[in-house]
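Data block below; observations after.
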Amino acid sequence: MTEIPSKYNPQECEDKWYSFWEEHNFFHAEVDSRRKPYCIVIPPPNVTGILHMGHALNNTIQDILIRFRRMQGYSTLWMPGTDHAGIATQNVVEKEIAQEGLGRQDLGREEFLEKVWLWKEKYGSTIINQLKKLGCSCDWERTRFTMDDGYSVAVSEVFIELAKKNLIYKANYIINWCPRCQTALSDEESQHKDVKGFLYYLRYPLKGEENKYVTVATTRPETMLGDTAVAVNPKDKRYNKLIGRSVILPLVEEEIPIIADSAIDPKFGTGIVKVTPAHDPNDFEIAIRHKLPAKIVMNDDATMNKNAPLDYQDMDRFEAREAIIEDLKERGLVQKIVDYEHSVGHCYRCHTMVEPYLSEQWFVDMKRLGLAAEEVVKKNKIKFHPPRWKKVYLNWMRDLRGWCISRQIWWGHRIPAWYCEDCKTAYDKMRKSEVIASERINLADAGIVISQENPKFCTKCGGSNMKQDEDVLDTWFSSWLWPFATFGWPVLGKKEEEELNYFYPTQVLVTAQEIIFFWVARMIMAGMYFMKEIPFSDVYIHGTVRDITGTKMSKSLGNIIDPLDIIDQYGCDALRFSIISLVATGQDVFLSKEKFGSGRNFANKIWNASRYILSNLDQGRVSPSLESFAREVKDLKERWIISRYYQTLDAATRALENFRFNDAARIIYEFFWHEFCDWYIELAKSTIDTKETQVVLHQILEKTLRILHPIMPYITEDIWQRIPHQGKSIMATIWPEMQKKLVDKKADNQMKTIIACIGAIRNIRSVWQIEQSKEINVKIRVAQKSLENSLAPQASYIQRLAKVGTIEVKKAFKRPKLSAVAVLPDIEIFVPLEGIIDVKKEATRLKQKIKELESLLKNTEARLKNKQFLKKAPVEVVAQTKEKKKEYKDSIKKLKDSLKGF
RNA sequence: GGGCGGAUAGUUCAGCUGGUUAGAACGCUUGAUUUACAUUCAAGAGGUCACAGGUUCGACUCCUGUUCCGCCCACCA
């Protein structure tokens, strides 16, 4: 046996075992009709991703589930991959070329995309390699990317299919526009934040009357340049007579009507609203109802455009706001400005304030797609863990609006729509001259053809001037297909079809709450529509990783803890164990570096216990199976640890099955450290050479390593490989099976008593400050002969662990003089301490104990006197209470007897 | 405006369907150690379970309300 170092060194074994697993292909899953499938699809990290604690938590959970189920015998597939992350990736590459003073327009679409692909080739697998560092047992040979050739086919097929069914449509509508990214965003990508601003009260001169005005209130005065009406509530008596008249829009000096619309809240502001159809979703709706024109007054970059008066053209929207207010003030048209805090959308990628902007975009009809997705969750075909997310999900489903899927960027799936330039130009011209009547665009009239390939000819005019839509699709429009597109759908060979049938629906989706709407809900929609089946049966939502002050970890705040740093310093298993211990179901996780110490200490404990066992193990004497051997085990400590092991196995298995990861971690930790190490190994030292102890030490260690393996894969493999074992790797062993017959309640109780005795003696030692090295003698008086019979043979346990010299266990003997006393149910422990013990002090100590017990006794007695309690409480609770009462009484009596002896 | 989560030891948190004297980790105090492990071992101190009501024989646990923190959703300008 080579010397094993006394400290566990993660660096030495992590890479080694990871390569070993990969070489042996242990992560690979195949269709196996004899076994049940278990499949998880990874939430694909962005190709631009760098491993952060959120990933660490998310993927540790998945790996635990996967390793656990794999050992349970399922054909287990963890499908990995990355997401092309349209805006994020484009931003990264744009930043890179900006260093050479270039913009993407300088390069042109094709050249720019080449750069992005190059970037992806170079850095795109960073995150994958980092997941490997985490120990993730994904089936890497299946790794997919949302812009793979095959995957892209799925995306455009889906677009075409949905468009055919009118579930995708083109519309001229108010969308969230990011002036920095210069693209439309979906509602989910616009994040509301409270912003301190002002409410401006502006006067619009009434037409035909000198010095008469209507006053409107607005938070965004710059949009007034695009006003095409002023509106009041028809029921608002103050303004009834204004309806039908008009005002002169200041600065623009155009006449606009005063209209009545019931959407106006008379209580807000002045009760009069300026209507800006092109820059406000509410106003747009009003415009449709009243057939008002829409006037866009801003460019893509949120500077004022040529529709604005010359003075403001090319000014930024905020600059324009200042200038307009100044100009209105000069004309005496600002009544007042008051402080006002309101919620404004911001781009989720760059945090720029989003501009509501009228533009032509593609939309998915979520309302119709949502019906089936709502149903399956309502009926619990898909279960959320914890269940409260079900409500959140259903709530969101209830008021779905169109999902804007076109993005004005280059990196992504090009929209499979082709425009006849002639028809489209004519159509646009016609629409522009119209007032707004509806938002949807008739594709045929506009000369738009939806098709995978260039259709070459316009179906309307027959012209050949066809051009593909410049836009790409929202990234989530590809990720929502992840659970089935990763299997090759829709182009399925025989093998792919078999695999998809076998592994779909998948079992669990593990993700964070932020992504429920973006991704989870949409995957359910896509699954129900295209596969006619739920994509997964369980959704486990874990908390958000925050720093110790509760702030979300983010690079810009500089409060991140880098998982790779933690792996370096503490080891991967320590990271995994610690983070999983902190994850109470669905609760946010507050992290600080110090918290990883517990995992490191545990790993080291495992290491040293194993080291001790290994150095004492006579490998020729171990038995290959605990089950057969265990029936003949005689000694209490062995019967006890075997019993405890199976109870631990049972509890840990159930915890993992119910997604209670922190419980699983705690249960195994508790068992290994505080039962196996603190008690069993300590006791086993006295019989280390017996076959019984040899087998049990080896077997319990081996079996505990197995149930710990999903949480701490490396150290368990490393040790397992060193002890006698069967098979190639611990990850390929089977999950131990529960042996109810080996749960030995009698042994549990006996050990409990012994542990209590040892605790009491140690306590006396401590109270009287008796050095560890000094042996003491102990007399134990028990209440029944049977207790004497069961306890006496185990006296050596007490001698050993409480450092006791002579020990006497008897039903009857004379109380020794000048003893420290401890009283347990049916047991009195006397430690004669002549010369050490201070009688007065011991008396005080005992009196204190008596007082505590008396107060407990009083409570139990009161309860037992209560007739309602006796009548209504379950019998066993009453019996228990009676038992308690007897116990307290007995203990008090014994303590009082002892006091008399002083 | 709507919804959700949290408030338990000095700190960070467990405590699942109500039932013995409310647990852990870290920190603290005291002590130990040639004999697997100081990333250790033993003992100990430390809690009006946010507050106020209610239901119940019995409430940290269930209900109602209040306060404080945090989060999500929302087109009232």
Side-chain angles (χ1 to χ4, degrees), chain A residues 4 6-8 174 187 192 199 216-220 223 231 263-265 267-269 272-276 280-285 342-343 345 356 386 388-389 391-392 395-396 399 401 513-514 516-517 543-544 546 548 550 552 570 574 581-582 584-588 590-592 594-595 597-598 600-616 655 658 660 662-663 666 669-670 677-678 681-682 685 759 762-767 769-773 801-802 852-853 855-856 859-860 863 866-874 876-878 880-881 883-884 887-888:
Chain A
I4 306 169
S6 72
K7 275 184 187 162
Y8 169 55
I174 298 272
D187 293 339
H192 286 259
L199 191 58
V216 298
T218 180
T219 51
R220 310 187 51 223
T223 64
I264 310 303
D265 178 1
K267 287 189 282 280
F268 187 90
I272 308 177
V273 176
K274 60 192 264 315
V275 180
T276 321
D280 184 286
N282 273 323
D283 295 1
F284 184 77
E285 299 288 338
H342 63 142
S343 168
R388 69 181 131 95
W389 295 108
K391 249 194 293 185
V392 176
N395 203 36
W396 185 77
D399 36 37
R401 289 183 297 150
Q513 53 174 79
E514 296 99 80
I516 296 179
F517 307 140
T544 306
R546 299 172 184 284
I548 205 71
K552 210 161 163 174
Y570 297 82
S581 308
L582 295 169
T585 335
Q587 238 30 57
D588 284 352
F590 296 78
L591 281 184
S592 65
E594 298 73 52
K595 290 197 175 185
S598 66
R600 180 201 51 190
N601 294 356
F602 185 39
N604 200 52
K605 187 73 186 179
I606 298 166
W607 183 257
N608 275 295
S610 308
R611 194 163 68 99
Y612 172 75
I613 292 171
L614 267 167
S615 63
N616 286 287
N658 294 313
R660 303 184 66 94
N662 59 333
D663 281 354
R666 187 179 41 79
Y669 172 92
E670 214 33 58
C677 291
D678 288 352
I681 293 185
E682 287 311 318
K685 284 175 180 171
R762 283 171 173 173
N763 177 253
I764 288 171
R765 248 185 204 288
S766 197
V767 168
Q769 302 197 339
I770 303 156
E771 282 171 36
Q772 291 287 315
S773 52
L801 294 193
E852 279 165 27
L853 284 166
S855 122
L856 289 169
N859 288 343
T860 30
R863 219 179 315 162
N866 185 335
K867 280 184 190 139
Q868 291 297 317
F869 173 70
L870 296 173
K871 212 166 90 189
K872 292 188 178 167
E876 62 273 19
V877 173
V878 176
Q880 244 174 43
T881 313
E883 189 61 30
K884 275 282 131 196
E887 209 179 288
Y888 294 146

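Note that the coordinates shown come from a computational prediction; the quantities given were computed from them, not determined experimentally. To find a chain, count down the sequence lines: A is the first, B the second, and so on, and within it residues start at 1.
- Counting to the nearest Å, the C1' atom of B:C4 and the CG atom of A:N395 are 10 Å from each other.
- Taking atom NE2 of residue A:H192 and atom P of nucleotide B:C73, one finds them 8 Å apart after rounding to whole Å.
- In a base pair of the Watson-Crick type (N1 to N3 plus N6-O4 or O6-N4) or a G-U wobble (N1-O2 and O6-N3), with each distance short of 3.5 Å, B:A52 is matched with B:U64.
- Within the 4.5 Å cutoff, no side-chain heavy atoms of A:T223 are placed close to those of A:D280.
- Judged by atom type and distance alone, A:Q769 does not reach the base of B:A32 through any side-chain donor-acceptor pair under 3.5 Å.
- Distances shown here put a side-chain N or O of A:K391 below 4.0 Å from the OP1 or OP2 atom of B:C4.
- Distances from the side chain of A:A609 to the nucleotides B:A77, B:A14, B:A36 place B:A36 closest.
- Note: CD1 (A:I613) to C1' (B:C37) measures 12 Å, nearest angstrom.
- In the set B:G19, B:C71, B:A36, B:C71 carries the atom at the smallest distance from any side-chain atom of A:Q513.
- Within 4.0 Å (heavy atoms only), A:K685 reaches at least one base atom of the nucleic acid.
- Put simply, CZ on A:R863 is 11 Å from C1' on B:U21, counting in whole angstrom units.
- Out of B:A14, B:C4, B:A25, the shortest distance to the side chain of A:Y669 is found at B:A25.
- Taking the C1' atom of each, B:A45 and B:A50 are spaced 25 Å apart, rounded to whole Å.
- Distance CD (A:E285) to C1' (B:A77): 14 Å, rounded to an integer number of Å.
- OP1 or OP2 of B:U40 has at least one side-chain nitrogen or oxygen of A:N601 nearer than 4.0 Å.
- In this structure, of B:A77, B:U21, B:C57, it is B:A77 that holds the atom nearest to the side chain of A:H342.
- Between B:C63 and B:C73, the two P atoms lie 26 Å apart (nearest whole Å).
- Across all strands shown, A:R611 has heavy atoms under 4.0 Å from sugar-phosphate atoms exclusively, and none from any base.
- Distance check on atom C1': B:C68 versus B:U29 gives 33 Å, rounded to whole Å.
- Interface remark: the A:K7 side chain does not form any donor-acceptor pair with the B:A36 base, using a distance-only criterion of under 3.5 Å.
- Along RNA chain B, the nucleotide nearest A:I681 and the nucleotide nearest A:N604 are compared for position; the residue whose nucleotide lies closer to the 5' end is A:I681.
- Residue-level contact check: A:S343 touches the bases, meaning some heavy atom is under 4.0 Å from a base atom.
- Taking 4.5 Å as the limit, some side-chain heavy atom of A:I613 sits within range of a side-chain heavy atom of A:I681.
- For the pair A:S6 and A:R611, the minimum side-chain heavy-atom distance is below 4.5 Å.
- A:K605 contributes a side-chain N or O that forms a donor-acceptor pair with the base of B:C37 under 3.5 Å.
- In this entry B:A14 has no Watson-Crick or G-U wobble partner, no candidate having both defining distances under 3.5 Å.
- The side chain of A:T218 lies closest to B:A77 when the candidates are B:C57, B:A77, B:A36.
- Comparing B:C37, B:C41, B:C57 against the side chain of A:D678 picks out B:C41 as the nearest.
- Nucleic acid contact class of A:V392 (heavy atoms, under 4.0 Å, all strands): none.
- With rounding to whole Å, A:K595 atom NZ is found 14 Å from B:A25 atom P.
- Proximity of A:N608 to A:K7: side-chain heavy atoms (C-beta onward) are nowhere separated by under 4.5 Å.
- The separation between A:N662 atom CG and B:G23 atom C1' is 14 Å, rounded to whole Å.
- The backbone N or O of A:R660 sits nowhere less than 3.5 Å from a side-chain atom of A:N658 that would complete a donor-acceptor pair.
- With C1' as the reference atom, B:A42 and B:C57 are 42 Å apart, rounded to whole Å.
- Considering only side-chain N and O atoms, A:Y888 lies under 4.0 angstrom from the phosphate OP1 or OP2 of B:U21.
- Under the 30°/60° scheme for interplanar angles, the aromatic rings of A:W396 and A:F517 are found to lie parallel.
- Of the two residues contacting RNA chain B, namely A:E514 and A:Y8, the nearest-nucleotide position lying further toward the 5' end is that of A:Y8.
- Of the nucleotides present, B:G3 is the one that pairs with B:C71 by Watson-Crick or G-U wobble criteria, both distances under 3.5 Å.
- Distances were taken from every side-chain heavy atom of A:N763 (C-beta onward) to each of B:A42, B:G44, B:A77; the shortest belongs to B:G44.
- B:G27 and B:U39 have their P atoms separated by 11 Å, given to the nearest Å.
- Rounding to whole angstrom units, CD of residue A:E670 and P of B:A14 are separated by 17 Å.
- Only the C1' atoms considered, B:G53 is 43 Å distant from B:A43, to the nearest whole Å.
- At the heavy-atom level, A:P356 lies nowhere under 4.0 Å from the strands shown.
- Look at the C1' atom in both B:G44 and B:C4: the space between them is 41 Å, to the nearest Å.
- Close to B:U30, at under 4.0 Å from its OP1 or OP2, lies no side-chain N or O of A:R765.
- Side-chain contact between A:P356 and A:R220 is present, with at least one heavy-atom pair separated by less than 4.5 Å.
- Using a 4.0 Å heavy-atom criterion, one finds that A:D265 contacts the bases of the nucleic acid, with or without backbone contacts as well.
- Across all strands shown, B:C57 forms a Watson-Crick or G-U wobble pair, both distances under 3.5 Å, with B:G19.
- In this structure, A:K685 is positioned above the aromatic face of A:Y612, its NZ or CZ under 6.0 Å from the six-membered ring centre and within 45° of the axis.
- Using a 4.0 Å heavy-atom cutoff across all strands shown, A:Y570 reaches no nucleic acid atom at all.
- Atom name C1', nucleotides B:G23 and B:U64: the rounded distance is 30 Å, in whole Å.
- Across all strands shown, A:F517 has heavy atoms under 4.0 Å from sugar-phosphate atoms exclusively, and none from any base.
- Proximity note for A:K884 (side chain, C-beta onward) versus B:A77, B:A36, B:U20: the nearest is B:U20.
- Contact annotation: the side chain of A:T276 never approaches that of A:F284 to less than 4.5 Å [non-hydrogen atoms, C-beta and beyond].
- A 4.5 Å side-chain heavy-atom check between A:V878 and A:L870 finds at least one atom pair inside the cut-off.
- Among the nucleotides B:A43, B:G5, B:A77, the one closest to any side-chain atom of A:I264 is B:A77.
- Here A:D283 lies out of heavy-atom contact (under 4.0 Å) with every strand.
- Of the nucleotides present, B:U40 is the one that pairs with B:A32 by Watson-Crick or G-U wobble criteria, both distances under 3.5 Å.
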